[in-house]
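Both backbone and side-chain heavy atoms feed into the values below; hydrogens, waters and symmetry mates do not.
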Amino acid sequence: MSDLRIRHATLSDIDAVLRFWRDAAEGTSISDDHDGVARLIARDPEALLLAMRGDLLAGTVIAGFDGWRCSAYRLAVHPGHRRQGIATALLQAAEQRFATLGGRRVDAMVLEANERAHHTWAARGYLREDHWRRWVKPL
């Protein structure tokens, strides 16, 4: 893993990130478009973390902090690079960011049907909270 580098996404990474999510992420989001990712990077340039192997995008996580809550989204690893510690490295970077910002707890959005992801999150010490449900309303 010595060739793995974690860095912040820039505006020039948006198209590659969107292509990557189509191949590596489970499901889609209403914000999975150029404008949505551009707004994220403009608002918080350090939130979208990329795991790079040379010039290859190997993984992503969005480590969002609104001043009150730490939220992790879009943890994804390229199918050809899974089980190599990339998700762990991304989560460590996200957790370090949150700790530096004064965060106290991380909330992770994980698809119910993505059982492989459940194991990844659990291995990092995350616990499922069944007494909460997410309520959404598209704008």
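- Linking ILVMFWY residues whenever their side-chain heavy atoms come closer than 4.5 Å, directly or via other members, places Val17 and Leu11 in the same cluster.
- The ring-ring contact (aromatic ring centres under 6.0 Å, His included) contacts involving residues 34-77 comprise nothing, where partners must be two or more places apart or lie in separate chains.
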Next on the checklist: Would Leu101 and Glu46 count as a side-chain contact (heavy atoms from CB on, under 4.5 Å) here? Give the steps.
Outcome noted: CA-CA 11 Å; Leu101 293 170; Glu46 297 181 357; 6.0 Å; no
Item to check | His78 vs Arg53, side-chain contact (heavy atoms from CB on, under 4.5 Å): CA-CA, chis, key distance, verdict | outcome: CA-CA 11 Å; His78 186 281; Arg53 281 221 159 119; over 6 Å; no
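- With hydrogens and angles disregarded, a donor-acceptor distance shorter than 3.5 Å links the side chain of Arg97 to the backbone of Ala63.
- For the atom pair CG of Leu75 and CZ of Arg124, the computed distance is 10.5 Å after rounding to the nearest 0.5 Å.
- A salt bridge links Arg74 to Asp32: at least one charged side-chain nitrogen sits closer than 4.0 Å to a carboxylate oxygen.
- Looking at every heavy atom in both residues, Leu90 comes nearest to Gly59 through CD1-C, 3.6 Å.
- Separating the CG atom in Asp107 from the CH2 atom in Trp132 is a distance of 9.0 Å, to the nearest 0.5 Å.
- How far CZ of Arg43 is from CD1 of Ile41: 13.5 Å, rounded to the nearest 0.5 Å.
- The two residues Gly80 and Gln84 have their closest heavy-atom pair at O-NE2, 3.6 Å.
- Separation of atoms CG (Leu50) and OG1 (Thr10) is listed at 8.0 Å; rounding is to 0.5 Å.
- Of all the heavy atoms in Phe98 and Gly64, the pair that sits closest is CE2-O, 3.3 Å.
- The minimum heavy-atom distance between Leu40 and Ala47, with the atom names listed, is CD1-CB, 4.0 Å.
- Using modelled atom types and a 3.5 Å distance limit, the side chains of Thr88 and Gln92 yield no donor-acceptor pair.
- For the residue pair Ala16 and Leu57, the shortest heavy atom distance occurs at O-CD2, 4.0 Å.
- Leu4 and Leu56 fall into different hydrophobic clusters, where Ile, Leu, Val, Met, Phe, Trp and Tyr are joined by side-chain heavy atoms under 4.5 Å apart, directly or via other members.
- Within 6.0 Å of CG in Asp55 there are 12 or fewer heavy atoms belonging to other residues, nucleotides or ligands.
- Side-chain atoms of Arg82 come within 3.5 Å of backbone N or O of Val77 as a donor-acceptor pair.
- Rounded to the nearest 0.5 angstrom, Thr60 OG1 and Ile6 CD1 are separated by 10.0 Å.
- Here the CZ atom belonging to Arg7 is positioned 9.0 Å from the CG atom belonging to Leu48, to the nearest 0.5 angstrom.
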